[in-house]
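Residue numbers start from 1 in every chain, and the chains themselves are labelled A, B, ... in the order their sequence lines are given, proteins ahead of strands.
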Protein chains: 2
Amino acid sequence: MALLSAMKLQGRPPPISSNLNPNSKPAGSDSVSLNASEPGSERKPRKFSSQLNRWNRARTLRSGAKLDSTITNGSNNTTGPMRPIESSSRTDVSTLDSDVSSSSNGVSEADMTAAKSIYIVSDGTGWTAEHAVNAALGQFDYCLVDRGCPVNTHLFSGIEDGEKLMEIIKQAAREGAMVIYTLADPSMAEATMRACKLWKIPSLDILGPITESISSHLGTNPSGLSRGITNSSLNEDYFKRIEAIEFTIKHDDGALPENLEKADIVLVGVSRTGKTPLSTYLAQKGYKVSNVPIVNGVDLPKTLFEIDPRKVFGLMINPLVLQGIREARAKSLGLGSSFKTKYSELGSVKEELELAKKIFAENPTWPVIEVTESAIEETAAVVLRLYDERQSNRAMPRISKSY
Amino acid sequence: MALLSAMKLQGRPPPISSNLNPNSKPAGSDSVSLNASEPGSERKPRKFSSQLNRWNRARTLRSGAKLDSTITNGSNNTTGPMRPIESSSRTDVSTLDSDVSSSSNGVSEADMTAAKSIYIVSDGTGWTAEHAVNAALGQFDYCLVDRGCPVNTHLFSGIEDGEKLMEIIKQAAREGAMVIYTLADPSMAEATMRACKLWKIPSLDILGPITESISSHLGTNPSGLSRGITNSSLNEDYFKRIEAIEFTIKHDDGALPENLEKADIVLVGVSRTGKTPLSTYLAQKGYKVSNVPIVNGVDLPKTLFEIDPRKVFGLMINPLVLQGIREARAKSLGLGSSFKTKYSELGSVKEELELAKKIFAENPTWPVIEVTESAIEETAAVVLRLYDERQSNRAMPRISKSY
């Protein structure tokens, strides 16, 4: 509550400063006081809105999507003076002024890189919100891939103090960013909601609704404290996870085959099927993983055929894709062309995959997972679903946890 | 839409079958058709509700929380015939009948393990929803730690077919579970919402609101497809991440100190400060990490003092806590008492930490992070915030990404 009084909210969004690119100098040096009014001179709301709206609509039509009424009616398009300002960490982009002048003849390069900003604000690590935003952005892949609707996210974590919080929200207003937040302290969450409403910043409380519905389900109130010790210090899960990670690192790439029986999960596949990243991802979730490479001319360890086959998973990949990955790999390692030929030449890639297929056929109890177009997380989900199914014999595999 | 007609919704929740423990046999074998009415005989709604309500209230009072009106008015407490059935993967719990009979004299052991279920249903990996539920549960730590309000989560991932979806929701109704879902296909999401409403299952769409507000912010429509190729196959991020993971594994525990300059982040600390799990967690996010142990009597590599000090981070921990962790470690490794003494005896633990302090004092540009009560994710957030601050000189550190 002290926070609310310290915030000095007023019904007008912070003015756009003449220096709009937050990368060009430290954010602190161009921070604008909420009380400073500085109205008018640098605002060109109408021009921006109509111009940018047209691009927006053109871009949307190009991308094949239906035009949504929220585009033109959205609060920060017509009512606010701000438009998203580029703050990409990859591309150094122009200021709002040059953006407009260079694009007056229609859709230009500048338009394509006019990324919209999403501010993620958390009093904890912020990983949950980042995860959620990332997943939601998956639904816009069709225009993200060609940077037709580019997005920059900015994660502000560990924000536990009201002043910092308001500074970030002000900055979001200046950039025309939306604010996605997760704040356990109810007064901080409410302050954020009110400030965003007042300044017409699109905003969303991510964890509030989940916490509320879990609270009602459990019949007990949330603590209002950000992140407790769940999965944290020194409990059983913590030690299990550490042990899994250390085991997995020690048993990468066929190391210590005599320990295969100690693993929870054993991955088998040719080079560059993603065994190592998949192993460490699963290890983060508490599973001890060994991975065993299939290499032409090298025998697989005998122990692989002696252990419980329910924990063995084969990885398979499309030969052309694998060839591409291996070529990239050979290049990044600076390997000579003789090695490159053997490693990434399509004939030998196919030969090695044939060998893998033969091995998998001889061990029909090992499920074979196609990884060609899958992210590590996706393959991990498939592995763990099958793992549960094979361990529990359940018809509807699930991954269960007790808290 | 075909899905909706295939669902055969009816205004009555599926009856409780006599076999309530989903672990006792495969879920498929006791699945109940939505059309089968089987009413009456096995339902004991009133008895369960009043009895369990009393425990619930007692438990809530014991835990020091205010009694929330949703406890007694909650839809699945008084109106539905179902109560949460235990399905813990850790404890093999009794059926509802024996639970009631053993507890008639008041609050019993059975009560303490009567975990509430949360069903997480996703057409993708489900990791986002799992992450969000886990974070929200952090606010109930005060009663989760002593299992005063035990919770079991069950993640059903890759659910892309309407029939499977309805089977899971039916099972949730039978268990008195709540359903938290993320389904990109709007007709699947709507079907879930309707079925849960009809059967009075508390439910929540996690990604719907985020996707909607991002859609309005970007001025373009979501694809309605679960997970695209963002962060997935063969883009720059993918290769960067793989490379980071492989680098990090190769440079664990002081290995290859001649490569320290190639790392993005270098962690320095005594044994059991969590360098390895922190390194692999950061690697999943695309950072190449080396970690260097501080060991009494072993010189640190010279290269550590030659590289850019802005990427070096010291880890510090409370000596008593470290001693406890090392004792547990020595036990798990089955080490003899002589090693155990040197490794986990308080005197030598303190001595080694003093050495670390001295090294950190001699290198005042290295930030020192206290890890004693932090989860890996929390320490990672601190490291990356400082990393951004040191690289960019920004007053308000953030972690930025372009999509």
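- With a 4.5 angstrom heavy-atom cutoff, B:I399 touches chain A via backbone and side-chain atoms both.
- Judged as a salt bridge (charged side-chain N to carboxylate O under 4.0 Å, His left out), and not counting sequence neighbours, B:D205 has no contacts.
- Interface summary for chain B: among A:S203, A:S213, A:G208, the most heavy-atom pairs under 4.5 angstrom belong to A:S213.
- In terms of modelled atom types and a separation under 3.5 Å, the side chain of A:H217 and the main chain of B:S117 share a donor-acceptor contact.
- With rounding to the nearest 0.5 angstrom, the OG atom of B:S157 is 9.5 Å from the CG atom of A:D388.
- In this structure, B:Q284 CD and A:Q284 CD are separated by 5.5 Å, a value rounded to the nearest 0.5 Å.
- Residue A:S402 comes nearest to B:R147 through the heavy atom pair CB-NH1, 3.9 Å, listed as atom of the first residue, atom of the second, then distance.
- When heavy atoms are compared at a cutoff of 4.5 Å, A:A244 does not approach chain B at all.
- Counting only heavy atoms from C-beta outward, the side chains of B:M178 and A:S216 never approach each other to under 4.5 Å.
- A:Y403 contributes atom OH, which lies 4.0 Å from atom CG of B:N134 (distance to the nearest 0.5 angstrom).
- Here B:E130 does not pair with A:R398 in a salt bridge; the nearest charged N to carboxylate O distance is not below 4.0 Å.
- Only the backbone of A:P397 comes within less than 4.5 Å of a heavy atom of chain B; no side-chain atom from C-beta onward does.
- By the 6.0 Å contact criterion, CD on B:E212 is open, its count of non-hydrogen atoms from other residues, nucleotides or ligands being 12 or less.
- Taking B:A132 as the reference, A:T128, A:L207, A:I210, B:I206 meet the side chain to side chain contact (heavy atoms under 4.5 Å, CB included) condition, with sequence neighbours excluded.
- Atom CD1 of B:I376 and atom CH2 of A:W127 lie 13.0 Å apart (nearest 0.5 Å).
- For the set A:E246, A:R329, A:E243, the count of heavy-atom pairs under 4.5 angstrom toward chain B peaks at A:E246.
- With hydrogens and angles disregarded, a donor-acceptor distance shorter than 3.5 Å links the side chain of A:S223 to the backbone of B:Q139.
- Heavy atoms of A:K164 lying under 4.5 Å from chain B belong to its backbone as well as its side chain.
- Neither the backbone nor the side chain of B:I120 comes within contact range of chain A; no heavy atoms are under 4.5 Å apart.
- In this structure, chain B has a heavy atom under 4.5 Å from the side chain of A:I245, while its backbone stays farther away.
- Between the CG atom in B:L144 and the CG atom in A:L218 there is a gap of 7.0 Å [rounded to 0.5 Å].
- A distance of 5.5 Å separates CZ of B:F239 from CD1 of A:I325, quoted to the nearest 0.5 Å.
- Heavy atoms closer than 4.5 Å to chain B are found in the side chain of A:L204, but not in its backbone.
- In this structure, A:H131 contributes its side chain and B:A129 its backbone to no donor-acceptor pair below 3.5 Å.
- Counting heavy-atom pairs closer than 4.5 Å to chain B, the top residue among A:I168, A:T211, A:V133 is A:T211.
- With chain B as the partner, the residue from A:I242, A:T280, A:T276 showing the most heavy-atom pairs under 4.5 Å is A:T280.
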